Amino acid sequence: MGSLSGRRIVLGVTGSIAAYKSALVVRELVKAGAQVRVVMTPGAKEFITPLTLGTLSGHAVHSELTQDRDAGTWTDHVELGLWGDVVLVAPATAHTLSGMVEGRGDSLLLTVLLSAKCPVVVAPAMDRDMFSHAATTENLGALRQRGVHVIEPDTGELASGLTGKGRMAEPERIRQELTEWFRIQAPLMGYRALITSGPTREPIDSVRFIGNRSSGRQGAAIALELAHRGMLVDFISGPSSVATDHPGIQRIDVETAMDMKAAAEAALKNAMPDTTIGVAAVADVRPAHPIDGKPAKSELPDAIEMVGNPDILAGINALASPACFKVGFALAHGDGKAAALRKLTAKNCDMIVLNSIADKGAGFEHTTNRVDFVHGPDRIDSFELKTKEAVAADLADEVQRQLLQRPPLEQSGR
Ligand SMILES: Cc1cc2nc3c(=O)[nH]c(=O)nc-3n(C[C@H](O)[C@H](O)[C@H](O)COP(=O)(O)O)c2cc1C
């Protein structure tokens, strides 16, 4: 397994003399297992051809905002920005760095950088005096403040004949720093999660349904937190308007408990998760005979026959690997600890996240939650009321503690 195995890297190449080294950067990244898509500025094409970088990366290189003026086609900068786990700009010219600071969109690369939801890493390359200029220093400072990681240039002989700091870091060092940066930023890189989230809707007829008050907020927060830590997340969501845009999240939207079960089984067949997290508020029962169409009020039956839904959490856990860290959520009316301990065993979970509607600000329809992590009778960790994002971070810390004790269950491909 390469040190960057499975990582998706958008490589931005700009108009520096060091652009010739970007061929070696592509090779280093590809050799380490990364998928690389190259975006060049028009200036970069003066220094190295798209053919070279396209051949080495194995993918078409993009450099213009429009593809075919007559046909009205364009390069989808938003799609490229969302595809990557990181955008690496190597070499990064003074011009592109200032464009990033100002938020300009006058090259395809700058629009990709504006659209990207993923982190950004730059490897500046320029002459000594350009690098030491106050404008460059301030621009790099501003980018660092925004979370951009800067791979410092080397000191040595420059293309201009001057000696000083400004030479782009060698491709091998760029690969090493990027790998190390991923390790710190994305400690769960290579691991996979399967999350069910949101409510389900069980149809009475084509219009009416039985549902519940789950908003899908807590599940979405967990999916995003794990994806930010580098995990690939299969996210199976009942009807919820909460967005989960992240390149690491593969979202499957479903309506009913039966759809959710089928989607979860398909995801399990496709790849073994390292953790399963059942946040979904799955309806326990569904109307036995949903009516096709919309009967008038007077035609509705007095009683609706119900049948039990399958236990999705237990079903997923039975199919998952014994080494998988299995988490279930339980919503209680009161204390709920005894019920959570029963659920732990009955559903073959390693941990139950217990929340209670008795706690003010916890559970459905709130942006906050108060939870206990129930590992067993001797270990129940209680947390304060906090935002659902902060609860997601606590859960991700626990997942991380559990998973980093062993390698990923399978080499994840996407
Ligand atoms: C031979 C030559 C070498 C250059 N090398 C650099 C360089 O190393 N770093 C830099 O910031 N600009 C360099 N430039 C200037 C950039 O090419 C110029 O600022 C351009 O507008 C950059 O556009 P881009 O960032 O969109 O690629 C060089 C120009 C020439 C003609």
Side-chain angles (χ1 to χ4, degrees), residues 7-19 21-22 25-26 29 34 36-48 50 53 61-66 74-154 165-169 171 173-175 177-178 181-182 185-186 228 245-247:
R7 292 294 95 186
R8 303 200 285 193
I9 300 171
V10 176
L11 175 65
V13 181
T14 66
S16 154
I17 181 65
K21 288 193 201 167
S22 60
V25 174
V26 174
L29 300 178
V36 181
R37 299 272 163 95
V38 177
V39 179
M40 300 175 81
T41 62
K45 291 197 282 186
E46 303 284 334
F47 296 92
I48 186 165
L53 299 180
V61 169
H62 299 284
S63 57
E64 306 293 337
L65 279 156
T66 50
W74 71 96
T75 310
D76 192 342
H77 54 277
V78 176
E79 191 271 333
L80 267 168
L82 287 176
W83 176 83
D85 294 321
V86 68
V87 183
L88 165 68
V89 187
T93 56
H95 177 251
T96 289
L97 291 173
S98 79
M100 288 169 71
V101 172
E102 285 176 29
R104 283 202 322 267
D106 47 16
S107 70
L108 173 67
L109 177 60
L110 285 172
T111 59
V112 169
L113 285 158
L114 282 171
S115 316
K117 290 230 171 357
C118 60
V120 175
V121 175
V122 294
M126 63 199 73
D127 195 39
R128 180 190 71 189
D129 297 330
M130 287 173 81
F131 186 71
S132 61
H133 195 281
T136 307
T137 307
E138 279 170 27
N139 285 338
L140 286 173
L143 291 174
R144 279 195 185 93
Q145 285 254 309
R146 285 184 208 162
V148 172
H149 178 70
V150 179
I151 299 180
E152 287 291 332
D154 285 335
K165 190 169 179 181
R167 201 169 69 187
M168 187 177 82
R173 180 155 78 81
I174 291 177
R175 195 249 308 139
E177 257 195 55
L178 197 65
W181 178 84
F182 263 127
Q185 296 286 315
H228 283 138
D245 295 335
H246 190 287

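Only a predicted model underlies this, so the values are computations on that prediction, with no experimental measurement involved. Values reported hereafter were calculated over all heavy atoms of this structure, with side chains retained and with hydrogens, waters and symmetry mates removed.
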- Compare every heavy atom of I151 with every heavy atom of E177, then report the nearest pair and how far apart it is. OE1-CG1, 3.5 Å

- Looking only at heavy atoms, the pair that brings S98 and N139 closest together is CB-ND2, 3.4 Å

- Check L108 against E64 and note the closest heavy-atom contact, atom names and distance. CD2-O, 3.8 Å

- Query: To the nearest 0.5 Å, how far apart are CD1 in I174 and CH2 in W181?
  - Reply: 14.0 Å

- Query: If you round to the nearest 0.5 Å, how far is CD1 of I17 from CZ of R167?
  - Reply: 13.0 Å

- Task: Report the distance from atom CZ of F182 to atom CZ of R7, rounding to the nearest 0.5 Å.
- Result: 5.5 Å

- Message: So, taking the atom named OG1 in T136 and the one named CE in M126, what distance separates them when rounded to the nearest 0.5 Å?
- Response: 5.0 Å

- Item | Gap between atom CE of M100 and atom CG of L113 - 0.5 Å precision | 5.0 Å

- Message: Just verifying a value: how many Å separate L88 CG and S22 OG, rounded to the nearest 0.5 Å?
- Response: 10.0 Å

- Query: Quick check: are there more than 12 heavy atoms from other residues, nucleotides or ligands sitting under 6.0 Å from CD of E79?
  - Reply: yes

- Please examine the side chains of K21 and P91, heavy atoms only from C-beta on, and report whether any two atoms are closer than 4.5 Å. no

- Note on the structure: In short, V122 meets A92 closest at the heavy-atom pair CB-CB, 4.2 Å

- Side chain of S115, backbone of T111: donor and acceptor closer than 3.5 Å? yes

- Task: Kindly determine whether V25 and M168 satisfy side-chain contact (heavy atoms from CB on, under 4.5 Å), including the steps that lead there.
- Result: CA-CA 11 Å; V25 174; M168 187 177 82; 4.2 Å; yes

- Task: List for me each residue that meets salt bridge (Lys or Arg N to Asp or Glu O under 4.0 Å) alongside D106, sequence neighbours excluded, and say none if there are none.
- Result: R104

- Task: Using the side-chain contact (heavy atoms from CB on, under 4.5 Å) rule, take V101 and R146 through it: C-alpha gap first, then chi angles, then the decisive distance, then the call.
- Result: CA-CA 9 Å; V101 172; R146 285 184 208 162; 4.0 Å; yes

- V150, L143, V148, V86 screened by side chain to side chain contact (heavy atoms under 4.5 Å, CB included) with V120, the one that passes: V148

- Note on the structure: The salt bridge (Lys or Arg N to Asp or Glu O under 4.0 Å) partners of K165 (sequence neighbours excluded) come to E152

- Query: Can any side-chain N or O of S63 pair as donor or acceptor with the backbone N or O of P42 at less than 3.5 Å?
  - Reply: no

- Message: So which atom in L140 and which in P124 form the shortest heavy-atom distance, rounded to 0.1 Å?
- Response: CD2-CG, 4.0 Å

- Full working for side-chain contact (heavy atoms from CB on, under 4.5 Å) between V87 and V39: CA-CA 10 Å; V87 183; V39 179; over 6 Å; no

- Item | Contact check, side chains of V26 and V13, non-hydrogen atoms, under 4.5 Å | no

- Message: Give me the atom names and distance for the closest heavy-atom approach of S16 to T93.
- Response: N-CG2, 3.6 Å

